[in-house]
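To keep things clear, I will list the structure first and then write my remarks on it.
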Amino acid sequence: MRVEIWSDIACPWCYIGKARFEEGLAAFAHRDQVEVVYRSFELDPGRAKGDVAPVVDMLAAKYGRTRAEALAMEQHVASVAHGEGLAYRVEGRTHGSTFDIHRLLHLARERGRQEALLDLAYRANFAEERSVYDFETLVALAVEAGLDEAEARAVLADPAAYADQVRADEREAAELGANGVPFFVFDRRYGISGGQPAEVFTQALDQAWKGRALQPVAAADPAPACDADGTCAV
């Protein structure tokens, strides 16, 4: 069975959702027969490459909040991440275009290192004092993930490299009705969205494996996610 996950490095619920999905997958009886593929989805596709700003300032401007209110929003997300055992820095992070990261992730997929690079990028963006919008940082992450340095540099230096693959993923997301991330598709038959609890993912895997229609994935409130316009639930 194949599970495809549309996500963005800038999306905190994608970071949290990945951890929850992995916990749910670990409880699935046929986990060794599941192929997981990560697809591209930009929350801020119109953002210029060099337009990088502090996350808290970006949130304040986007939501029309004070900086203190935006900081409280980040602190809430951080508390959820910490509850999943994930490190999360509230201040000092930046926000920018993730197009180059997605292009590099497509190279990593071809080389069998996609998830390794994705995990490193999430950690750098949410837990460490490293900007994933910096050229040299991306090269370093690629090398840490097991990619060839010269090849990674060549891809990042060429704006056309893997650009079509990123855009194809994004068009496919729109065709599937994904208006936010994370978005999970099971064998191209069933889909669920948001950073669902681990047990919901286990249930979805079980039902997809058996070929039954998925039941509603949220018994109460919808799972938190980041919408296509870059708005993230807090």
Side-chain angles (χ1 to χ4, degrees), residues 1-43 45 77 80-81 83-86 98 101-102 105-106 108-109 114-123 125-126 165-234:
M1 181 166 65
R2 170 181 281 197
V3 179
E4 295 164 279
I5 306 173
W6 272 263
S7 58
D8 192 12
I9 293 298
C11 167
W13 295 111
C14 296
Y15 177 50
I16 294 167
K18 184 177 187 297
R20 291 176 171 177
F21 171 76
E22 289 170 351
E23 183 181 349
L25 179 61
F28 177 53
H30 306 284
R31 57 187 172 276
D32 293 338
Q33 298 178 61
V34 176
E35 175 193 12
V36 181
V37 177
Y38 292 91
R39 302 289 191 189
S40 300
F41 191 108
E42 295 172 275
L43 289 175
V77 178
V80 177
E84 300 295 333
L86 298 171
T98 55
I101 305 169
H102 285 298
L105 283 165
H106 275 278
R109 182 186 173 194
Q114 185 186 46
E115 188 167 11
L117 178 58
L118 182 63
D119 285 339
L120 287 167
Y122 274 140
R123 189 176 72 192
N125 188 47
F126 290 106
Q165 288 88 332
V166 174
R167 297 306 183 211
D169 277 358
E170 293 174 336
R171 285 195 302 272
E172 204 162 16
E175 290 167 3
L176 290 169
N179 55 14
V181 285
F183 186 68
F184 303 79
V185 176
F186 301 78
D187 268 351
R188 285 302 169 105
R189 293 180 297 178
Y190 315 119
I192 60 176
S193 62
Q196 300 287 345
E199 58 270 22
V200 172
F201 288 118
T202 304
Q203 178 188 13
L205 289 161
D206 282 333
Q207 292 177 340
W209 183 267
K210 295 171 183 175
R212 301 200 306 264
L214 290 180
Q215 300 300 313
V217 295
D221 296 331
C226 292
D227 292 338
D229 66 356
T231 301
C232 294
V234 293

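Positions are given from 1 along the sequence. Computation of the quantities below employed the complete heavy-atom set of this structure, encompassing side-chain atoms and omitting hydrogens, waters and symmetry-equivalent molecules.
- Side chain of Arg20 to main chain of Gly195: a donor-acceptor pair is present (N/O by atom type, distance under 3.5 Å, no hydrogens or angles).
- Considering only heavy atoms from C-beta on, Ile5 stays 4.5 Å or farther from Val37 through its side chain.
- Qualifying ring-ring contact (aromatic ring centres under 6.0 Å, His included) partners for Tyr122, counting only residues two or more places apart in sequence or in other chains: Tyr15.
- Note that the CG atom of Leu118 and the NE2 atom of His102 stand 9.5 Å from one another [nearest 0.5 Å].
- Comment: Glu22 engages Lys18 in a salt bridge, judged by a side-chain N to carboxylate O separation of less than 4.0 angstrom.
- Applying the side chain to side chain donor-acceptor pair (under 3.5 Å) criterion to Thr98, with sequence neighbours excluded, gives Asp8.
- Not counting sequence neighbours, the partners of Arg167 by the side chain to side chain donor-acceptor pair (under 3.5 Å) test are Glu42, Glu170.
- Qualifying ring-ring contact (aromatic ring centres under 6.0 Å, His included) partners for Phe184, counting only residues two or more places apart in sequence or in other chains: Phe21, Phe201.
- The distance from the CG atom of Asp206 to the CZ atom of Phe186 is 10.5 Å, given to the nearest 0.5 Å.
- In terms of heavy atoms, Pro182 sits closest to Cys11 at CD-SG, 4.4 Å.
- For Glu4, the salt bridge (charged side-chain N to carboxylate O under 4.0 Å, His left out) test picks out Arg39, Arg188, with sequence neighbours left out.
- Between the CZ atom of Arg171 and the CD atom of Glu175 there is a distance of 7.5 Å, given to the nearest 0.5 Å.
- Within the 3.5 Å criterion, the main-chain N or O of Tyr38 finds a donor-acceptor partner in the side chain of Gln114.
- No side-chain donor-acceptor contact under 3.5 Å links Ser40 to the backbone of Val166.
- Here the CD1 atom belonging to Ile192 is positioned 9.0 Å from the CZ atom belonging to Phe183, to the nearest 0.5 angstrom.
- Here the closest heavy-atom approach between residue Ala173 and residue Phe41 is recorded as CB-CD1, 3.9 Å.
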What do the steps show when you test Leu117 against Ile101 for side chain to side chain contact (heavy atoms under 4.5 Å, CB included), and what is the final call?
-> CA-CA 9 Å; Leu117 178 58; Ile101 305 169; over 6 Å; no
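- When all heavy atoms of Ala19 and Leu86 are compared, the pair lying nearest together is CB-CD1, 3.9 Å.
- Qualifying side chain to side chain donor-acceptor pair (under 3.5 Å) partners for Gln165, counting only residues two or more places apart in sequence or in other chains: none.
- For Pro12 against Val77, the heavy-atom pair with the smallest separation is CB-CG1, 3.7 Å.
- Put simply, the side chain of Asp187 never gets that close to the backbone of Met1: no donor and acceptor are under 3.5 Å apart.
- Shortest non-hydrogen contact noted between Arg189 and Ala208 is NH2-O, 2.9 Å.
- Atom CD in Glu115 sits 11.0 Å away from atom CG in Leu105 (nearest 0.5 Å).
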Could you check Val3 against Val185 for side chain to side chain contact (heavy atoms under 4.5 Å, CB included), going step by step and ending with a plain yes or no?
-> CA-CA 6 Å; Val3 179; Val185 176; over 6 Å; no
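- Among all heavy-atom pairs drawn from Ile9 and Ala121, the shortest one is CD1-CB, 3.7 Å.
- Contacts of Glu23 classified as side chain to side chain donor-acceptor pair (under 3.5 Å), with partners at least two apart in sequence or in another chain: none.
- Legend: residues meeting salt bridge (charged side-chain N to carboxylate O under 4.0 Å, His left out) with Arg109, ordered by chain and number and at least two apart, are absent.
- Between atom SG of residue Cys226 and atom CG of residue Asn179 there is a gap of 12.0 Å, rounded to the nearest 0.5 Å.
- A heavy-atom distance below 4.5 Å is not found between the side chains of Gln203 and Glu199.
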If you look only at distance, which donor and acceptor atoms sit under 3.5 Å apart when one is on a side chain in residues 25-36 and the other is two or more places apart or in another chain?
from, atom 1, to, atom 2, distance (Å)
His30, NE2, Trp209, NE1, 3.2
Arg31, NH1, Ala26, O, 3.3
Arg31, NH1, Phe28, O, 3.0
Glu35, OE1, Arg2, NE, 3.1
Glu35, OE1, Arg2, NH2, 3.3
Glu35, OE2, Arg2, NH2, 3.3

